[in-house]
Amino acid sequence: MEPDLVKKKKIKVLIILGAALAIIILTGLLILFFRQKDKTYRLLKVYEMAGDGEVEREGIGKLDPYTNMNLESGDRIKLDEGVFNIKADDDKYIFLNEKTELVLEATGDEKNSKIRINLLSGGITNDIRNKLTGDSSYEVNTPNSTMSVVGTIFFVCNYQENGIEYTKVSVFDGTVSTKLKYQDGTLSTEEVKVSSGKEVLIYQDENTTDYIMRDVAYDELPENVLRILGRLADEDRPLSITKEEIVKLLEGPFTVIFTYEGREFGRQTVKKGEYVAKPTLAPASGGEWDYDFTKPVDRDLIIEWK
């Protein structure tokens with residue numbers, strides 16, 4: 001009987017140890033699962049990629065991006081040429097211009113998502129399809145400004161010209177709130193709201209950080225931005241520009257008017273990319289047309305005799 005009792009005790013101990021080990025393993029798996037879920041619950045991926053770009057990830061280095069590639073918060077993203085579009089969550093799209101570099105940060109949870117884009121150079125078109133809820137936020141930062149939105153379509157570009165830092169924010173639907181960022185890194189207490197059809201040009205030189213508000217100069221928008229707006233117009237999205245106006249900017253034809261002393265001297269209709277013909281007749285014996293006739297036409301023009 002004694003050996004059987006010992007045997008039963010050993011079996012009981014083994015069962016208890018096995019159960020304890022199973023609980024430990026299960027607990028570890030659950031912790032790992034929830035940690036992974038907390039890390040990856042946000043949809044953050046390359047929506048479309050065709051061209052020359054890269055993703056630089058901390059601890060890994062540079063990666064070649066591809067369509068449907070999963071992105072991580074903190075990724076440094078660069079597009080030299082081609083197409084690079086990002087999808088965040090299920091309703092936010094970020095379209096990169098060529099020669100663009102940014103750092104993408106995404107934190108929070110499904111109800112309180114926080115996205116911060118640090119635009120280092122170039123330009124991005126942002127399409128936030130639904131209004132943000134709870135404590136959610138969507139923020140774009142440039143060296144001289146910061147902007148936040150609730151739900152809208154807008155374009156941001158950052159560039160330097162003659163030693164001056166520029167940020168241009170063009171809004172096509174909704175409202176974008178902007179604040180000036182001074183050279184010491186502090187933000188202005190004044191919030192400048194940019195509504196649909198308006199754009200703000202923020203500039204910063206050695207002494208001043210300020211802004212100019214104006215109507216959107218659609219004919220100055222990059223072609224890829226106009227094409228994005230054209231696709232959104234096809235979806236009947238409310239925009240500050242019509243589909244017909246977009247097509248005209250993309251394809252022409254354009255009207256070129258020649259003026260002399262404020263009066264029309266003549267006009268031509270020119271297809272996009274073609275050249276305006278220099279009039280054979282001159283309105284006066286002295287002067288010349290104020291235009292470079294070797295430059296292809298990409299918009300309506302008024303050319304003056306000076």
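Residues satisfying the side chain to side chain contact (heavy atoms under 4.5 Å, CB included) criterion with Arg299, sequence neighbours excluded, are Asp219, Glu220, Leu301. Legend: residues meeting salt bridge (Lys or Arg N to Asp or Glu O under 4.0 Å) with Glu191, ordered by chain and number and at least two apart, are Lys193. Every residue two or more places apart in sequence or in another chain was checked for a salt bridge (Lys or Arg N to Asp or Glu O under 4.0 Å) with Asp135, and none qualifies. With sequence neighbours excluded, no residue satisfies side chain to side chain contact (heavy atoms under 4.5 Å, CB included) with Glu58. Looking at residues two or more places apart in sequence or on another chain, you find no salt bridge (Lys or Arg N to Asp or Glu O under 4.0 Å) involving Lys181. Not counting sequence neighbours, the partners of Asp290 by the side chain to side chain contact (heavy atoms under 4.5 Å, CB included) test are Lys306. Residues meeting the salt bridge (Lys or Arg N to Asp or Glu O under 4.0 Å) test with Lys243, sequence neighbours left out: Asp234.
Residue pairs meeting the ring-ring contact (aromatic ring centres under 6.0 Å, His included) criterion with at least one member in residues 45-90, sequence neighbours excluded: Tyr47-Tyr93. Here salt bridge (Lys or Arg N to Asp or Glu O under 4.0 Å) pairs that include residues 153-167, with residues two or more places apart or in two chains, number zero. Screening residues 200-245 for ring-ring contact (aromatic ring centres under 6.0 Å, His included) gives no qualifying pairs among residues at least two apart or on separate chains. Applying the ring-ring contact (aromatic ring centres under 6.0 Å, His included) rule to pairs touching residues 145-176 yields Tyr159-Tyr166, sequence neighbours excluded.
Counted by atom type alone, Asn141 and Thr146 present one or more donor-acceptor pairs between their side chains at under 3.5 Å.
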With a 3.5 Å cut-off and sequence neighbours excluded, list the donor-acceptor pairs that the side chains of residues 253-268 form with protein atoms.
from: Glu264; atom 1: OE1; to: Arg267; atom 2: NH2; distance (Å): 3.0
from: Glu264; atom 1: OE2; to: Arg267; atom 2: NE; distance (Å): 2.9
from: Gln268; atom 1: OE1; to: Ala277; atom 2: N; distance (Å): 3.0
from: Gln268; atom 1: NE2; to: Ala277; atom 2: O; distance (Å): 2.6

